[in-house]
Amino acid sequence: MDDIGDRIRALKQAKNAVILAHNYTSTEVQDLADYVGDSLGLSKTAASTDADIIVFAGVSFMGETAKILSPGKKVLLPEPEAKCAMAAMCSAEQIRQVKEKYPGVPVVGYVNTEAESKTEMDCCCTSSNAVNVVSSIDSDKVIFLPDSNLGRYVARETGKEIVLWSGFCPVHQCVTLRSVNALREKYPEALVVAHPECRLEVLDGADYVGSTEGILQYCKKSPATEFIVLTEMGMGHRLEQACPGKKFYFTSQSLCTTMKMISPESILDCLENETGEITLPADVIERAYKPVKRMTDILG
Ligand code: 13P
Ligand code: SF4
């Protein structure tokens with residue numbers, strides 16, 4: 001048996017393992033996965049799986065979230081160095097400082113953060129339920145971190161006063177109005193769908209704003225046949241699979257290089273040798289569990 005896919009499938013069965021992959025991973029990785037989806041879908045799947053081993057094909061905060069939700073399971077990262085650039089923009093210590101500055105103001109934190117930062121949050125959220133999470137908080141003023149673009153979007157949608165953080169996703173920050181307008185000129189019939197990590201001026205002109213899974217569902221249901229997709233280009237594979245015959249256009253710089261570090265070879269190595277195991281201090285798991293569990297309970 002020398003095909004890498006066959007070897008991975010055999011190991012999965014022998015070890016009762018499951019492979020979860022984010023929508024931004026490469027085509028080959030998505031094709032090996034048991035479940036492909038957005039951060040919320042992946043967290044929920046990680047929490048409900050019967051598998052003993054979760055191989056998390058995504059950046060490190062996603063695997064950590066799976067470990068927080070399922071501490072009894074072995075969570076393996078095929079590429080432990082694959083990290084989200086935005087998650088590094090907000091430490092637990094920095095959150096403690098902002099909490100001191102705004103005493104009593106609840107903290108809603110994006111799931112794109114490190115595990116220790118989650119221990120300082122009242123509630124965690126993903127792009128798919130950020131608006132609903134902030135709406136559900138019993139306060140007119142909320143600290144939202146670390147994504148300033150998502151924070152501005154949430155402020156507009158909820159009407160609440162949001163204390164913004166200065167973080168951003170470098171991939172979505174590079175989606176400029178000028179690049180979007182160039183695509184609109186080239187494809188005048190196309191609808192524009194955007195991830196809320198994009199700048200507010202970009203979101204303003206979009207026909208739909210939502211998480212990666214939200215974008216997929218919108219494009220599937222829409223009678224339109226062409227879409228300008230303002231998020232990472234790994235989405236193209238899922239969109240083409242889900243919407244045969246429809247066309248999808250991305251801006252040329254929409255590439256998350258760390259997501260692309262994960263390969264079939266690294267998945268095979270990780271499954272075979274059980275490398276890249278996520279270990280978190282018990283007190284971090286305990287304190288991060290509440291905000292993360294709250295996140296999975298609130299619908300997108
Ligand atoms: P989703 O939760 O929409 O999949 O987004 C995750 C992410 O990292 C976006 O850059
Ligand atoms: Fe992080 Fe941006 Fe990559 Fe998403 S696309 S994982 S927010 S760096």
Side-chain angles (χ1 to χ4, degrees), residues 20-26 29-30 33 35-46 56-66 69 77-90 108-114 117 124-133 144-151 153-154 165-175 193-199 202-203 206 208-219 229-239 242 250-262 292 295-296 298-300:
L20 310 184
H22 188 264
N23 286 323
Y24 294 163
T25 53
S26 69
V29 167
Q30 291 188 28
Y35 176 85
V36 185
D38 69 357
S39 306
L40 188 62
L42 289 166
S43 296
K44 286 184 171 174
T45 308
F56 215 113
V59 286
S60 58
F61 80 79
M62 296 180 172
E64 286 180 358
T65 307
L69 286 165
L77 285 175
E79 185 40 83
E81 288 311 311
K83 294 183 190 294
C84 167
M86 177 160 40
M89 295 179 187
C90 167
V108 174
Y110 199 21
V111 70
N112 296 40
T113 40
E114 284 162 5
S117 300
C124 195
C125 71
T126 74
S127 60
S128 109
N129 65 4
V131 170
N132 289 347
V133 166
F144 188 90
L145 51 88
D147 188 5
S148 52
N149 289 329
L150 183 57
Y153 175 71
V154 164
W165 200 266
S166 59
F168 60 91
C169 160
V171 179
H172 292 84
Q173 193 74 357
C174 285
V175 178
V193 292
H195 195 279
E197 286 175 17
C198 292
R199 299 157 186 268
V202 165
L203 300 180
Y208 173 79
V209 176
S211 75
T212 54
E213 202 60 29
I215 288 174
L216 183 103
Q217 295 307 327
Y218 178 85
C219 295
V229 186
L230 305 178
T231 192
E232 211 273 349
M233 51 178 71
M235 273 299 290
H237 183 51
R238 280 210 69 205
L239 286 165
F250 292 81
T251 65
S252 57
Q253 286 159 327
S254 297
L255 190 83
C256 180
T257 47
T258 49
M259 283 283 191
K260 300 296 190 278
M261 286 165 76
I262 304 146
V292 171
M295 166 187 90
T296 60
I298 296 177
L299 292 176

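The chain is numbered in sequence order, starting from 1. Numbering of ligands and ligand atoms starts at 1, following listing order.
Proximity of a side-chain donor or acceptor of Trp165 to a complementary backbone N or O of Gly109 within less than 3.5 Å is not detected. With hydrogens and angles ignored, the 3.5 Å screen pairs no side-chain donor or acceptor of Glu197 with any backbone N or O of Cys169. Formation of a donor-acceptor pair under 3.5 Å by the Asp38 side chain with backbone atoms of Asn23 is not found in this model. Put simply, the side chain of Ser148 never gets that close to the backbone of Phe168: no donor and acceptor are under 3.5 Å apart.
Of all the heavy atoms in Gly37 and Leu42, the pair that sits closest is O-CD1, 3.5 Å. Of all non-hydrogen atoms in Phe61 and Val111, the two that sit nearest each other are CD1-O, 3.0 Å. A pairwise comparison of heavy atoms in Ile262 and Glu79 identifies CG1-CB, 3.9 Å as the closest pair.
Nearest protein heavy-atom contact of atom 4 (Fe) of ligand 2 is Tyr24 CE1, 3.8 Å.
For the 3.5 Å distance criterion, the side chains of Tyr110 and Ser39 fail to qualify, holding no donor opposite an acceptor.
Legend: residues meeting salt bridge (Lys or Arg N to Asp or Glu O under 4.0 Å) with Arg238, ordered by chain and number and at least two apart, are Glu213. Residues satisfying the ring pair (Phe, Tyr, Trp, His ring centres under 6.0 Å) criterion with Tyr208, sequence neighbours excluded, are Tyr218.
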Can you give me a line-by-line list of nitrogen or oxygen pairs between ligand 1 and the protein shorter than 3.5 Å?
residue: ligand 1; atom: 2 (O); partner: Ser39; partner atom: N; Å: 3.1
residue: ligand 1; atom: 2 (O); partner: Ser39; partner atom: OG; Å: 2.8
residue: ligand 1; atom: 2 (O); partner: Ser127; partner atom: OG; Å: 3.4
residue: ligand 1; atom: 3 (O); partner: Ser127; partner atom: OG; Å: 2.8
residue: ligand 1; atom: 3 (O); partner: His195; partner atom: NE2; Å: 2.8
residue: ligand 1; atom: 3 (O); partner: Thr212; partner atom: N; Å: 2.9
residue: ligand 1; atom: 4 (O); partner: His22; partner atom: NE2; Å: 2.7
residue: ligand 1; atom: 4 (O); partner: Ser39; partner atom: N; Å: 3.4
residue: ligand 1; atom: 4 (O); partner: Thr212; partner atom: OG1; Å: 2.6
residue: ligand 1; atom: 5 (O); partner: His195; partner atom: NE2; Å: 3.2
residue: ligand 1; atom: 8 (O); partner: Asn112; partner atom: ND2; Å: 3.2
residue: ligand 1; atom: 10 (O); partner: Tyr24; partner atom: OH; Å: 3.4
residue: ligand 1; atom: 10 (O); partner: Glu197; partner atom: OE1; Å: 2.9
residue: ligand 1; atom: 10 (O); partner: Glu197; partner atom: OE2; Å: 3.2

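Of the heavy atoms in Glu232, none comes closer than 4.0 Å to ligand 2.
Taking distances strictly below 2.8 Å, the protein N/O/S atoms close to atom 1 (Fe) of ligand 2 are Cys84 SG.
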